[in-house]
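To start, the structure itself, in structure tokens.
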There are 2 protein chains.
Amino acid sequence: MTGDGKSGAAGVDPEQLWLRPTAHRRGRRPSFSREAITAAAVALADAEGLEAVTMRRVAAEVGAGVMSLYSYAPDKDTLLELMVDHVSGELPVADAPSGDWRADLRTIAHLQRAHMLRHPWLPAALSTHRVPGPNTLAFLEHALAVLRPTGLDGAAKLEVFAQLTAFVAGHVAHEIAQGAASRSPDRAAAEARYLATVAADGQHPELAEALAAPGRPLSPEATFTRFLDRLLDGLAAG
Amino acid sequence: MTGDGKSGAAGVDPEQLWLRPTAHRRGRRPSFSREAITAAAVALADAEGLEAVTMRRVAAEVGAGVMSLYSYAPDKDTLLELMVDHVSGELPVADAPSGDWRADLRTIAHLQRAHMLRHPWLPAALSTHRVPGPNTLAFLEHALAVLRPTGLDGAAKLEVFAQLTAFVAGHVAHEIAQGAASRSPDRAAAEARYLATVAADGQHPELAEALAAPGRPLSPEATFTRFLDRLLDGLAAG
DNA sequence: TCTATTCTCGTACGAGGTACGAGAATAGAG
DNA sequence: CTCTATTCTCGTACCTCGTACGAGAATAGA
């Protein structure tokens, strides 16, 4: 369950997860690998959504028995954690900070957006607290370097990064929902009819007007850029 | 599980859900009510988190048989929808827009934050697309009225509201995660140890410095206000 | 070769969502 | 009042899911 709420007790021990030795010493040789299992899970999530990622499906995809997965990850929640860090490895980190932290942050945000659009399950997966794995940490390291010219203290820099990521995730989640809605015309039509009915009831004049005068539709990308720039403008002042 | 086989929520027909007649005509008199069932589910989620909300638990809480719930909501997803709109009824809408849309928006954001802290499952529940019910629409109507002085077109106003809500949800989710972490000292300590180990590996100088010089810790409320003001500053310019 | 170790995976259990359909309650028709 | 159509109640059952258990297989070192 990816459900949030007060279930903070459920969690993964980061030391056990990311710092455990990976070498093989004695005993039977492993038939699979964390990498392969994680990659299969990611492929499944990309293709069919997070809810298609079940231990049985992943095992079948890898050619393993279901319970064999538990030699590589102690539970499904951990597998999700592995998936998140796995795809974070796609984020390029090579280019050094330019010194213009606003431009660099903008670049980072656009990278994250593209990344999340490529893996639409990411916003949902990020909504619960995750301990950063090596790939995530590499990206974080880069973001902190970018923020160096701001002169913010450590906690503030971490906070800025967290907020930026949350902003991007929120936007992309919205973007995906819109896209999904327009991809099922019946649902979209039903929703439009419903809103029209509500707008016509006289109790919602502002909504009626907003729906009547929608303005020219902006591309999701344009909207994203607009809000991002506003947020960065604001950060510049703070 | 949604019948269309595609990923994502968007499985509820809004007309069937929000516009269906509520009057009782013929046949056996209902023993329960949508209200009571929804309220029980909300109470459960508030007390024990979203994952405690199962059809069996809710039914037990109400004193009904499990399958009786399905006379009031066609499936669990719909029940979640009802829960979201139910708690939206707590949001005060009475006060008219002051004409200062920035101040009004700030008030709205703070209301939403308090609301989500009161119902910590809300950010997660909002992360999937929801069709606004009557209470949500009343609040939206108010927000649109507040945004009237901006002169934005309909789509833009809706977009601003969505972004603001997403921002608040993202922040509160983070806030809750932090709070949950500090409420389980073992986890927090393990995570701190892990990050310290990573920071000491020489590969993450920026992280090491950020952790070494954290600065004075800000209250979550202060951080929220700071970022919110920045976002509003930005919106003012756009 | 023997043994300790490590991995594989069939079986099984409990929890969760919900389809089915029999029974119970009720309003209106006669 | 009786009959019937309607509407709600809910026990039973099925399927999917995560995962505990433990027996068997493979392997490295003694």
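Note on naming: letters A, B, ... go to the chains in the order of the sequence lines (proteins, then strands), and numbering restarts at 1 for each one. As the structure is a computational prediction, the values presented were derived from the model and not from experiment. Values below: every heavy atom of this structure, side chains too, minus hydrogens, waters and symmetry copies.
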* Listed partners of B:Asp186 passing side-chain hydrogen bond (donor to acceptor under 3.5 Å, both in side chains), at least two apart -> none

* **Pairs involving residues 30-45 of chain A, ordered by first then second residue, that meet salt bridge (Lys or Arg N to Asp or Glu O under 4.0 Å) (sequence neighbours left out)** => none

* **Residue list, side-chain hydrogen bond (donor to acceptor under 3.5 Å, both in side chains) with B:Glu15, at least two apart or on another chain** => A:Arg193

* **Of all pairs that satisfy side chain to side chain donor-acceptor pair (under 3.5 Å), the ones with a partner from residues 55-72 of chain B, not counting sequence neighbours** => B:Glu48-B:Arg57

* Asked: Among all residues two or more places apart in sequence or in another chain, which pass the salt bridge (charged side-chain N to carboxylate O under 4.0 Å, His left out) test with B:Glu175?
  -> B:Arg113

* Structure fact -> Writing each nucleotide of DNA chain D 5' to 3' as (, ), [, ], | or . by Watson-Crick or G-U pairing under 3.5 Å yields ||||||||||||||||||||||||||||||

* Length of the CG-P vector between A:Leu80 and D:dC17, whole Å -> 15 Å

Listed pairs, N/O of protein and of nucleotides 14-16 of chain C, under 3.5 Å:
unit_1	atom_1	unit_2	atom_2	d
C:dG16	N7	B:Arg56	NH2	3.1

* **Set of residues satisfying side-chain hydrogen bond (donor to acceptor under 3.5 Å, both in side chains) with respect to B:Glu191, sequence neighbours excluded** => A:His129

* **Residues forming a side chain to side chain contact (heavy atoms under 4.5 Å, CB included) with B:Ala210, sequence neighbours excluded** => A:Leu144

At a cut-off of 3.5 Å, list every protein nitrogen or oxygen paired with a nitrogen or oxygen from nucleotides 7-11 of chain C, distance to 0.1 Å.
unit_1	atom_1	unit_2	atom_2	d
C:dC7	O2	A:Arg28	NH1	3.4
C:dT8	OP1	A:Ser31	N	2.7
C:dT8	OP1	A:Ser31	OG	3.2
C:dT8	OP1	A:Tyr72	OH	3.1
C:dT8	OP2	A:Tyr72	OH	3.4
C:dT8	O4'	A:Arg28	NH1	3.3
C:dC9	OP2	A:Gly65	N	3.1
C:dC9	OP2	A:Ser68	OG	3.1

* Under the ring-ring contact (aromatic ring centres under 6.0 Å, His included) test, which residues partner B:His119, sequence neighbours left out? -> B:His115, B:Trp121

* Can you name the residues that form a side-chain hydrogen bond (donor to acceptor under 3.5 Å, both in side chains) with B:Thr165, not counting sequence neighbours? -> B:Gln112

* B:Tyr194 side chain near A:Leu17 side chain, heavy-atom distance below 4.5 Å -> no

